[in-house]
Amino acid sequence: MFYLAASLISFAFMFVLVPIFRTIAMKTGFVDRPNNRKIHRNPIPLMGGAAIYLATIVPLLLFVGTARLSLAIVAGGLVLVAIGLVDDYAKTQGQDFPVAPRVIVYLGVATMPLLFGIRIEGISNLGLGGMVIFPEWLAWGSTIIWVFALINMINFIDGVDGLASGISTLSSFTLFVTALIKGQPDTALLAIILGGACIGFLAFNFHPARIFMGDAGATFIGYSLAVIAVDGAFKSATFLTMIVPLLALGVPIIDTVIVMLRRMLTGKGLHQADKLHSHHVLMRWGLNQIQTVSFLYLIAAVFCLLSILLLVTTGS
């Protein structure tokens, strides 16, 4: 009931905040305008990220307090939402925000969990018993790479109505179950609260979308999922259970890897926007938006179930 209450509060917050931010966005012209790369045909409000942030951190502070996990999410999330709203504002003007400043900020935010003692520390039970502790450089480096990657991966899949919010909902609830099994109550609370915010936002974001999360929302969700995985699934993980968060986030990870390989093979910049993502390919094959996201939801659900099955069968 405790976890359910936290999730319901986050869910309810979305139904209060989204209409407010949607109205503000419409009145101020803070909308994503259509162009030849985008699917939507009408301007869509872009302030969903601010609503997702508030609907996550308020219940988190209420239920967890000012613990290191909460502070890491509040601090890192605030920076990402701020730079994300600047990026989203550029979209409202029909411009693209430069890549370099974003990459610098994302790398800076990727170091924030380390400041609060949240990092990938090592692998246990390699057949010899005990735990292999990573040297400092590897613990820091692997954590930064993971967080930076997830910030971008969720942002990359946010190209079809309801896709990023739906996939993030599935991933959040999978990481919630993982944290419960591993006996990590604070991490479980963060996961269930984020899941509540994502599914609440999905009610407004599923096709036809009435609001977008924008870069502000996608990067914040990616960051939160990355921190949940580091503080939960990756903590004291065995070699096999290291795969659990990779499966739980399988769709954005696989999509990003495929897109990056295609961009390298075609000589395009790695951060250059294009139509090489899985959702673009599926729509070129003739699927509509609802069919596309439903298919990717199904793939994500299979990955999530596999991750839980792996965790249960390994007894970790």
With the side chain counted from C-beta on, respond yes when [X] and [Y] share a heavy-atom pair under 4.5 Å apart, and no when they do not.
{"X": "Leu249", "Y": "Phe303", "result": "no"}
{"X": "Leu150", "Y": "Val227", "result": "no"}
{"X": "Ile193", "Y": "Ser7", "result": "no"}
{"X": "Asp161", "Y": "Val293", "result": "no"}
{"X": "Pro43", "Y": "Asp32", "result": "no"}
{"X": "Leu202", "Y": "Met14", "result": "no"}
{"X": "Met153", "Y": "Ile253", "result": "yes"}
{"X": "Leu69", "Y": "Thr187", "result": "yes"}

Audit row: Thr292, Asn288, side-chain contact (heavy atoms from CB on, under 4.5 Å) steps and yes/no = CA-CA 6 Å; Thr292 296; Asn288 60 34; 5.8 Å; no
Joint cluster assignment, [X] & [Y], ILVMFWY side-chain distance < 4.5 Å:
{"X": "Val58", "Y": "Ile20", "answer": "yes"}
{"X": "Ile228", "Y": "Leu78", "answer": "yes"}
{"X": "Leu107", "Y": "Ile104", "answer": "no"}
{"X": "Leu309", "Y": "Ile243", "answer": "no"}
{"X": "Ile192", "Y": "Leu305", "answer": "no"}

Flag the pair [X] / [Y] as yes when their ring centroid distance falls below 6.0 Å, and as no otherwise.
{"X": "Phe134", "Y": "Trp140", "answer": "no"}
{"X": "Tyr106", "Y": "Tyr223", "answer": "no"}
{"X": "Phe63", "Y": "Phe2", "answer": "yes"}

Using modelled atom types only, decide if a donor and an acceptor are shared between the side chain of [X] and the backbone of [Y] within a distance under 3.5 Å.
{"X": "Thr92", "Y": "Tyr89", "result": "yes"}
{"X": "Thr56", "Y": "Leu194", "result": "no"}
{"X": "Thr111", "Y": "Gly108", "result": "yes"}
{"X": "Gln93", "Y": "Ala90", "result": "no"}
{"X": "Ser10", "Y": "Ala197", "result": "yes"}
{"X": "Thr143", "Y": "Ile120", "result": "yes"}
{"X": "Asn152", "Y": "Phe148", "result": "yes"}
{"X": "Arg102", "Y": "Gly84", "result": "no"}
{"X": "Ser70", "Y": "Gly65", "result": "yes"}
{"X": "Thr28", "Y": "Ile24", "result": "yes"}

request  = Report the C-alpha distance between Leu282 and Phe295 in whole Å, list the side-chain angles of each, state the deciding distance to 0.1 Å, and finish with yes or no for side-chain contact (heavy atoms from CB on, under 4.5 Å).
outcome  = CA-CA 9 Å; Leu282 289 171; Phe295 177 77; 3.7 Å; yes
Compare every heavy atom of [Y] with every heavy atom of [X], then report the nearest pair and how far apart it is.
{"X": "Ala203", "Y": "Arg210", "answer": "O-NH2, 2.9 Å"}
{"X": "Pro252", "Y": "Ile157", "answer": "CA-CG2, 3.9 Å"}
{"X": "Ile52", "Y": "Gly217", "answer": "CD1-CA, 4.5 Å"}
{"X": "Ala226", "Y": "Trp146", "answer": "O-NE1, 3.2 Å"}
{"X": "Pro101", "Y": "Pro98", "answer": "CD-O, 3.4 Å"}
{"X": "Pro59", "Y": "Ala6", "answer": "CB-O, 4.3 Å"}

Nearest 0.5 Å, what's the [atom1]-[atom2] distance between [X] and [Y]?
{"X": "Gln291", "Y": "Trp285", "atom1": "CD", "atom2": "CH2", "answer": "13.5 Å"}
{"X": "Ile133", "Y": "Leu138", "atom1": "CD1", "atom2": "CG", "answer": "11.0 Å"}
{"X": "Met260", "Y": "Asp255", "atom1": "CE", "atom2": "CG", "answer": "9.0 Å"}
{"X": "Ser165", "Y": "Ile199", "atom1": "OG", "atom2": "CD1", "answer": "9.5 Å"}
{"X": "Thr23", "Y": "Met47", "atom1": "OG1", "atom2": "CE", "answer": "11.0 Å"}
{"X": "Leu46", "Y": "Met213", "atom1": "CG", "atom2": "CE", "answer": "11.5 Å"}

Mind checking whether [X] and [Y] have parallel, tilted or perpendicular rings, split at 30° and 60°?
{"X": "Phe176", "Y": "Tyr3", "result": "perpendicular"}
{"X": "Tyr53", "Y": "Phe220", "result": "perpendicular"}
{"X": "Phe15", "Y": "Phe11", "result": "tilted"}

ask   = Under the 4.5 Å side-chain heavy-atom rule for ILVMFWY, direct or indirect, which residues accompany Val31?
value =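 Besides Val31, the hydrophobic cluster comprises Met26, listed by chain and residue number.
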Could you list all the salt bridge (Lys or Arg N to Asp or Glu O under 4.0 Å) pairs where at least one residue sits in [range], not counting sequence neighbours?
{"range": "residues 50-72", "answer": "Arg68-Asp231"}
{"range": "residues 302-312", "answer": "none"}
{"range": "residues 135-152", "answer": "Arg119-Glu136"}
{"range": "residues 5-24", "answer": "none"}

ask   = ring-ring contact (aromatic ring centres under 6.0 Å, His included) with Phe116: which residues, sequence neighbours excluded?
value =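 Result, ring-ring contact (aromatic ring centres under 6.0 Å, His included) vs Phe116: none returned.
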query = Stepwise, does the side-chain contact (heavy atoms from CB on, under 4.5 Å) test hold for Ile154 with Thr219?
reply = CA-CA 7 Å; Ile154 300 299; Thr219 55; over 6 Å; no
request  = Start with the C-alpha distance between Ile167 and Ser171, add both sets of side-chain angles, then the distance that settles side-chain contact (heavy atoms from CB on, under 4.5 Å), and finish with yes or no.
outcome  = CA-CA 6 Å; Ile167 296 294; Ser171 298; 4.2 Å; yes
